[in-house]
Amino acid sequence: NSMVSFGSQIDFAVPHVTIRGLNKFYQVNGQQVHALKNINLDIPQGKILGIIGKSGAGKSSLIRTLNGLENIDQGHIQIHQQSLAELGHTELIQLRQKMGMIFQHFNLMSAKTVWENVALPLKIAHYTTKEIDTRVNEVLALVGLTDKAQHYPSQLSGGQKQRVGIARALVSKPEILLCDEATSALDPESTSVVLALLKKI
């Protein structure tokens, strides 16, 4: 897993993400599993952080707590000095719009074209048609898929699908980019391309 935090005005003195005493528990087959154990972490703006661990170590759980997809059992998380636990539903949605997420298995909508998949977050956020056109075309060019705009996911290779996922994650101009095993489903050549693209971003 890796997480990329970026922004136009960088203040290295203030952590962009602050995690204190974070604990997360799951119930699995009647047993309590302690997935995240007392995690304390400061992540400055403009830094790339990689999280490494064996399967089941809690990497995905940690990523998912950062955008509120997983609840926090103990401790707290602040994103640019906003505490996640104190945010209401509307505020949490607004915060999520400042985060991009790239998934291991792409999570593309098979009945929508590449262009439509990338445009979806902007449509949900009620951007204008002109803004959507401009931004979608920009990010498709960035990931090298302008010529695939009207293709469907089934017509793409794994590496191309993940580049669509990256374009979709970037289309809202997020401040934080969360990557959950973004290359583990790819062959070595596609992995190199995707990692180079993420580094460029």
Side-chain angles (χ1 to χ4, degrees), residues 1-24 35-53 57-72 74-104 107 118 121-122 124-125 127 131 134-136 138-143 162-184 191 193-201:
N1 288 15
S2 63
M3 181 174 65
V4 184
S5 173
F6 59 101
S8 55
Q9 293 184 333
I10 297 177
D11 181 359
F12 290 111
V14 179
H16 198 64
V17 178
T18 302
I19 302 173
R20 291 291 180 270
L22 175 62
N23 286 272
K24 176 71 183 175
L36 300 175
K37 300 180 181 180
N38 196 35
I39 294 173
N40 297 283
L41 186 63
D42 288 341
I43 305 170
Q45 198 169 13
K47 292 291 184 179
I48 298 173
L49 176 70
I51 304 165
I52 300 171
K59 302 183 300 295
S60 294
S61 294
L62 177 58
I63 290 287
R64 290 166 64 87
T65 60
L66 290 175
N67 60 8
L69 289 175
E70 295 279 359
N71 293 326
I72 299 168
Q74 296 171 358
H76 70 270
I77 296 175
Q78 286 187 320
I79 308 289
H80 207 54
Q81 299 177 304
Q82 277 189 299
S83 176
L84 288 191
E86 295 173 3
L87 298 181
H89 179 70
T90 301
E91 293 170 314
L92 187 57
I93 289 174
Q94 291 172 343
L95 180 66
R96 282 182 182 146
Q97 288 174 348
K98 297 179 182 178
M99 297 186 186
M101 183 100 177
I102 304 172
F103 299 91
Q104 177 180 1
N107 286 17
V118 175
L122 300 184
I124 291 171
Y127 280 68
E131 288 172 323
T134 299
R135 188 60 187 154
V136 171
E138 284 176 354
V139 293
L140 285 179
L142 176 66
V143 302
Q162 193 56 290
R163 283 190 278 152
V164 176
I166 293 171
R168 181 184 56 192
L170 294 178
V171 76
S172 299
K173 298 186 178 181
E175 295 177 9
I176 296 174
L177 182 59
L178 304 172
C179 307
D180 190 5
E181 302 280 8
T183 60
S184 63
T191 294
V193 171
V194 168
L195 289 177
L197 176 58
L198 289 173
K199 186 176 181 181
K200 174 183 174 183
I201 293 164

Could you tell me which non-hydrogen atom of [X] sits nearest to which non-hydrogen atom of [Y], and how far apart they are?
X: A182; Y: I102; value: CB-CG2, 3.9 Å
X: I19; Y: I39; value: CG2-O, 3.4 Å
X: F103; Y: Q162; value: O-NE2, 2.8 Å

Would you kindly say whether Q104 and S184 are connected by a side-chain donor-acceptor distance under 3.5 Å? yes
Set of side-chain hydrogen bond (donor to acceptor under 3.5 Å, both in side chains) partners for S61, sequence neighbours left out: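 If we apply the side-chain hydrogen bond (donor to acceptor under 3.5 Å, both in side chains) test to S61, skipping adjacent residues, the hits are Y26.
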Q82: which residues meet the side-chain hydrogen bond (donor to acceptor under 3.5 Å, both in side chains) condition with it, sequence neighbours left out? none
Working note: I176 + N67, criterion side-chain contact (heavy atoms from CB on, under 4.5 Å); need CA distance, chi angles, decisive distance, verdict. CA-CA 10 Å; I176 296 174; N67 60 8; over 6 Å; no
Does a side-chain heavy-atom distance below 4.5 Å link [X] with [Y]?
X: K200; Y: L142; answer: yes
X: I51; Y: I63; answer: yes
X: D42; Y: R20; answer: yes

Residues at least two apart in sequence or cross-chain that pass salt bridge (Lys or Arg N to Asp or Glu O under 4.0 Å) with R96, listed by chain then number, are none
Under the side chain to side chain contact (heavy atoms under 4.5 Å, CB included) test, which residues partner A167, sequence neighbours left out?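 If we apply the side chain to side chain contact (heavy atoms under 4.5 Å, CB included) test to A167, skipping adjacent residues, the hits are V118, V139, L140, V143.
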Using side chain to side chain contact (heavy atoms under 4.5 Å, CB included) as the criterion, list what pairs up with N71, not counting sequence neighbours. K24
Distance-only donor-acceptor hits, side chain of residues 86-94, under 3.5 Å, sequence neighbours excluded:
residue : atom : partner : partner atom : Å
E91     : OE1  : G88     : N            : 2.8

